[in-house]
Amino acid sequence: MSDPMEPSTSKSDPNPIIGPITLLHPRREPFEHGLLPIQKLIFTDPLQALIPLKQKLASSSSSSSSSTHRVNSDALADALQISSEHARLILDTLASVLHSEPDPLVNAHPDDVGSVGSDLRDLILFLYIQSYKRLLPRSHKDSAAVADVWPSTSAFDGYLSALSPLQLVRSNTRRFMPSQADEEAHQLSYLQKHLANIISLLSEPVEGEGEESLVLTMEGFEHLGFLIQFGDKGSEGIPLSQAAPFFANSDPDMPAVPVPASQVLDWLLENIASSLEHITDKISAKENGPQGGSDQDVAMADASSSSVRASPSARNCCFIEGVSKSSYVKQASDLKHSSVKVINCHDSVIYILAPLRYATIYGCSDATIVLGAVGKAVRVEHCERVHVIIAAKRVCIANCRECLFFLGVNQRPLVVGDNHKLQVAPYNTFYSQLEEHMTEVGIQATMNRWDEPLALGAVDPHDSLSHPAGVSDAQAESAAQLDPDQFTNFLIPNWFEGESAGSTKDNPFPLPDAYLKSQLRNQKNLSEIKQILREAPLEENRKRELSCALHVYFKDWLYVEFEIKMELESV
């Protein structure tokens with residue numbers, strides 16, 4: 001790593017705008033949904049690699065103005081010496097985590113993303129953080145409670161290769177997501193360490209004074225909003241320039257005077273230090289005090305609803321964790337947040353029927369999880385034997401086993417890490433407000449790329465494990481398409497009829513012919529069974545009992561058929 005830019009000896013004035021309770025936070029979206037396991041994006045020394053890359057991209061960008069350089073996919077592929085497919089993936093991923101909603105890349109039609117390209121400064125920041133290392137997953141505090149709900153050893157545990165430490169870790173200890181406070185502290189520490197380099201990449205030299213005299217314009221400073229924010233409302237928080245004392249009172253009709261980069265660095269480092277101190281105190285209070293409700297290490301007990309945790313976060317995210325052996329429903333009226341995380345849920349059916357920006361499913365097993373409409377990105381990680389039904393712009397699947405994904409996605413599903421026996425199928429359900437929610441978050445039903453999974457590296461370079469030489473070049477196991485004969489519709493009960501009426505009456509994503517024929521055949525068989533039941537010489541109560549029994553056994557049969565098929569394919 002290059003030596004960071006030395007901060008100036010004089011400290012900036014106390015911030016006249018931001019009160020003592022408004023803290024600087026990292027934007028989690030780039031760190032949670034913006035990292036790609038592409039080896040050519042992992043720089044040993046990001047600063048030294050990105051300085052010449054920035055110059056090359058600026059010379060080939062679509063604008064002569066230094067403040068409006070945009071980089072299209074062709075220029076990006078040429079500069080990084082990567083495939084056009086990977087260049088397009090970078091732009092799609094960047095668009096999903098950008099902080100600026102008006103940016104042309106965010107609003108581009110899917111067919112135009114490559115030509116619209118990204119702002120050079122956003123792209124450089126995106127490439128820089130590809131060197132970030134995530135916190136290692138940790139063991140649960142209550143191992144007995146976990147053992148009670150996590151399934152017994154899978155048939156695939158003996159199949160795991162000894163080549164990858166990821167597999168060894170996963171086969172020996174089940175993974176649990178680090179707490180939000182731990183992750184935020186880790187992200188802030190990363191920014192603290194790399195902030196000098198990041199600011200220097202956004203800065204410009206003063207004309208005639210050489211590279212040593214770097215200044216940052218207000219526009220360049222705003223691009224730091226890709227990584228940091230003030231306040232607790234995400235993109236709706238305080239504009240970055242209004243939080244900074246050196247830009248806060250600028251005349252909107254006049255260009256703001258550029259500020260010495262060292263002054264910006266000093267001020268931001270002071271704010272990061274204050275935030276880290278606040279988070280450290282909060283973590284210490286949790287560890288030393290009673291186990292409270294805000295900690296994510298919630299014991300997963302029995303099936304009672306009181307054991308389920310669905311708590312809002314001050315950072316615009318709702319956590320649903322510890323659901324075990326039960327059904328759980330969240331509608332749009334129940335969610336006041338734009339993001340959801342479903343964590344450590346087992347042997348359950350979970351419905352989240354709402355428009356969302358981001359969603360994460362982590363550490364779940366033997367469950368069915370339905371996500372309404374997710375306009376930015378979904379990440380499914382460390383799950384086993386889970387059926388996931390998703391309408392989303394993009395989805396990333398990482399380190400999962402024996403999972404089935406019913407997808408309505410506008411971008412290619414991304415498959416990364418250590419996966420085994422994954423299957424994908426077209427979207428197979430609906431609820432009354434689905435199309436309304438899809439329109440709200442910008443999902444197009446006419447474009448479903450469920451059958452084009454893109455497999456990247458089998459080893460995630462962003463984890464904190466060391467890997468044997470050569471393993472990092474291995475490609476992840478991709479996902480197979482579900483046999484159309486195994487395809488069935490998933491019926492979402494209408495619990496709240498009349499409360500949330502919508503216009504959706506059927507699956508909005510068109511089915512491929514083979515799956516449509518299978519669906520029609522199943523519907524015909526069901527109609528025939530219903531007709532037989534209606535004509536059977538049974539009393540009404542006996543007919544109801546028979547109908548319920550058939551329903552139960554039919555579900556069991558489907559599950560057994562699926563398990564047998566998976567076992568046969570593994571032989």
Side-chain angles (χ1 to χ4, degrees), residues 1-5 27 30-31 34-100 103-105 113-133 190-191 193-205 210-212 214-217 219-228 261 264-265 456-457 461-462 472-473:
M1 179 65 60
S2 300
D3 293 335
M5 183 169 55
R27 278 191 73 242
F31 297 106
L35 303 180
L36 293 171
I38 299 175
Q39 286 302 315
K40 287 193 175 181
L41 304 187
I42 313 300
F43 306 115
T44 305
D45 187 334
L47 182 63
Q48 290 305 311
L50 290 174
I51 287 175
L53 182 67
K54 177 184 174 184
Q55 294 170 346
K56 182 176 182 178
L57 289 171
S59 65
S60 62
S61 71
S62 57
S63 172
S64 58
S65 169
S66 63
S67 63
T68 56
H69 284 308
R70 298 198 72 84
V71 181
N72 62 34
S73 59
D74 290 339
L76 182 58
D78 178 66
L80 289 173
Q81 292 298 292
I82 59 176
S83 66
S84 57
E85 181 180 70
H86 283 179
R88 171 60 189 262
L89 175 62
I90 289 171
L91 293 178
D92 280 336
T93 306
L94 175 56
S96 72
V97 295
L98 267 180
H99 61 300
S100 175
D103 190 280
L105 182 61
V113 166
S115 58
V116 169
S118 71
D119 186 285
L120 176 58
R121 290 160 295 191
D122 292 330
L123 177 62
I124 291 298
L125 294 183
F126 176 84
L127 294 175
Y128 192 102
I129 65 166
Q130 299 304 312
S131 65
Y132 175 76
K133 298 282 188 180
Y190 172 85
L191 292 173
K193 178 180 178 180
H194 293 272
L195 190 61
N197 291 339
I198 290 170
I199 288 178
S200 69
L201 286 167
L202 293 176
S203 300
E204 302 172 4
E211 293 288 340
E212 294 77 16
L214 293 175
V215 295
L216 194 62
T217 64
E219 186 179 6
F221 180 74
E222 285 285 6
H223 284 273
L224 283 171
F226 179 69
L227 297 174
I228 60 176
V264 177
L265 176 64
L456 294 183
H462 304 107
S472 60
D473 297 325

Checking [X] side chain against [Y] main chain: does a donor-acceptor pair fall under 3.5 Å?
{"X": "Arg121", "Y": "His223", "value": "no"}
{"X": "Lys40", "Y": "Gln81", "value": "yes"}
{"X": "Arg88", "Y": "Val113", "value": "no"}
{"X": "Gln130", "Y": "Leu36", "value": "yes"}

Name the orientation class of the two ring planes belonging to Phe31 and Tyr190 (parallel below 30°, tilted from 30 to 60°, perpendicular beyond 60°). perpendicular
May I ask you to test the [X]-[Y] pair for a side-chain heavy-atom distance under 4.5 Å?
{"X": "Pro46", "Y": "Tyr128", "answer": "yes"}
{"X": "Ile198", "Y": "Leu224", "answer": "yes"}
{"X": "His99", "Y": "Asp122", "answer": "yes"}
{"X": "Ile90", "Y": "Thr93", "answer": "no"}

Value rounded to 0.5 Å, distance of CG in Leu91 from OG in Ser73: 6.0 Å
Separation between CG of Leu50 and OG of Ser200, rounded to the nearest 0.5 Å: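 Spacing of CG (Leu50) from OG (Ser200) equals 10.0 Å.
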Pair Asp119, His69: side-chain N/O donor-acceptor within cut-off below 3.5 Å: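 Side-chain D/A pair, Asp119 to His69: absent.
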